[in-house]
Amino acid sequence: MADLQNVLDEIVQEAAECADRGVVASYIPELAKVDPDQFGIAVALPDGQVVSAGDAGTGFSIQSVSKVFTLTLALGKLGDGLWARVGREPSGNPFNSIVQLEQEKGRPRNPFINAGAIAVADLVLAGHQPREAIGEILRFMRQLADDDSIVIDESVAHSEMAHGDRNASLAHFMKSFGSIDNPVDHVLGVYFHQCAIAMTCRQLARAGLFLAGDGRDPATGAQVVSSARARRINAVMLMCGHYDGSGEFAHRVGLPGKSGVGGGILAIAPGKASIAAWSPGLDPVGNSKLGSAALEQLARRMGWSVFRA
Ligand code: GLN
């Protein structure tokens, strides 16, 4: 894969020369400490090989990228019954917006805005203590990434808990409609810890490989989800994975993708690759600025857009 390695090396070079790197998230104080000059990219291929460049071995807070994996877990528990609790329509609103929740009677528009991910965390929690649910999510990530060294950054989880008033509002508001079953502090505990999982681009790209392989981890042969479910998760990522920047990402990159305010993005090229890009500086809607630009370049140079014949 010398060609791919060359493309990634060039992308890292271009990123290094870019002066406008966006702004690091500061509403979670622990995230504001991250050095904005970092950039990494990793591509996991169907044979399990991971090709990477830049700071692809540096851990970062995966934040909302975790929502793809908790959605996958919750779908495994509830099946399509999950969609009674959370929709699959783009919100067109910021990730932490509350406005549509009243109109939708406590049913979030999709599982990737904060309200939707909190509703999904409630479903993962069903019948468990928060500690067990957090353990289940972490084990799932380790299994998918084939790497037991993945951990939760407790300082990020606590930082978010201490400044999580907006998320607490969303959870209480949903609970007032009867759409959260568990105690709000339990649900938020799970949500904040899933967001605080720290992974490298190499680990994240590897963990997403089942979504590029029709639900099957092509490296191990494990069928993680059915092929129909993998397609649907990818569809929701394409439509909703970048909040009110989802249309822009689909337009520029042409791949299902999920961003997080830690600056990570997971993008899926079905049948071809699972890609993780990371740079902490964000654009005004909270998506990694250089990460999006890098994925645009990579998809273009490799011909990976899902809309390409
Ligand atoms: N943990 C973050 C929050 O709830 C996740 C948001 C994000 O990554 N977009 O605010």
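Order of appearance sets the numbers: ligands from 1, and atoms from 1 within every ligand. If you're wondering where the values come from, they're calculated on a predicted model, not measured in any experiment.
Using a 4.0 Å cut-off between heavy atoms, Val65 makes no contact with ligand 1 at all. With a 4.0 Å heavy-atom cut-off, ligand 1 is reached by no atom of Phe192.
Residue Glu160 has at least one N or O atom closer than 3.5 Å to an N or O atom of ligand 1. At a 3.5 angstrom cut-off on N or O pairs, Gly260 does not count as close to ligand 1.
Those atoms of ligand 1 with a heavy atom of Gln63 less than 4.0 angstrom away are 1 (N), 2 (C), 5 (C), 8 (O). Within ligand 1, counting atoms from 1 as listed, the ones closer than 4.0 Å to a heavy atom of Asn167 are 3 (C), 4 (O), 10 (O). Atoms of ligand 1 found under 4.0 Å from any heavy atom of Cys195, numbered from 1 in the order shown, are 1 (N). Remark: ligand 1 atoms within the under-4.0 Å shell around heavy atoms of Tyr191 are 1 (N), 2 (C), 3 (C), 4 (O), 5 (C). Applying the 4.0 Å criterion to heavy atoms of Ser64 picks out, from ligand 1, the atoms 5 (C), 6 (C), 7 (C), 8 (O), 9 (N).
A donor atom on one side chain and an acceptor atom on the other are found under 3.5 Å apart for Gln5 and Asp9. Side-chain contact annotation: Asn96 with Asn114, donor-acceptor N/O pair under 3.5 Å absent. Gln203 and Arg206 form no side-chain donor-acceptor contact under 3.5 Å, judged by distance and modelled atom types alone.
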Side chain to side chain donor-acceptor pair (under 3.5 Å) between His193 and Glu154, worked out: CA-CA 8 Å; His193 280 82; Glu154 287 292 340; 3.2 Å; yes

Can you give each donor-acceptor pair under 3.5 Å made by side-chain atoms of residues 233-241, sequence neighbours left out, with the distance rounded to 0.1 Å?
{"unit_1": "Asn234", "atom_1": "ND2", "unit_2": "Leu211", "atom_2": "O", "d": "3.0"}
{"unit_1": "Asn234", "atom_1": "ND2", "unit_2": "Ala230", "atom_2": "O", "d": "3.4"}

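For the side-chain contact (heavy atoms from CB on, under 4.5 Å) with Leu255, the qualifying choice from Ile268, Leu266, Ile275 is Ile275, the only one to do so.
Heavy atoms of Asn114 approach ligand 1 to within less than 4.0 angstrom. Contact annotation: Tyr243 has at least one heavy atom less than 4.0 Å from an atom of ligand 1.
In this structure, atom 10 (O) of ligand 1 lies nearest to the protein heavy atom Tyr27 OH, 2.4 Å.
Judged purely by atom type and a 3.5 angstrom limit, Ser61 has no side-chain atom pairing as donor or acceptor with the backbone of Ala196.
Evaluation of the side chain to side chain donor-acceptor pair (under 3.5 Å) rule for Asp20 yields Lys289 as partners, not counting sequence neighbours.
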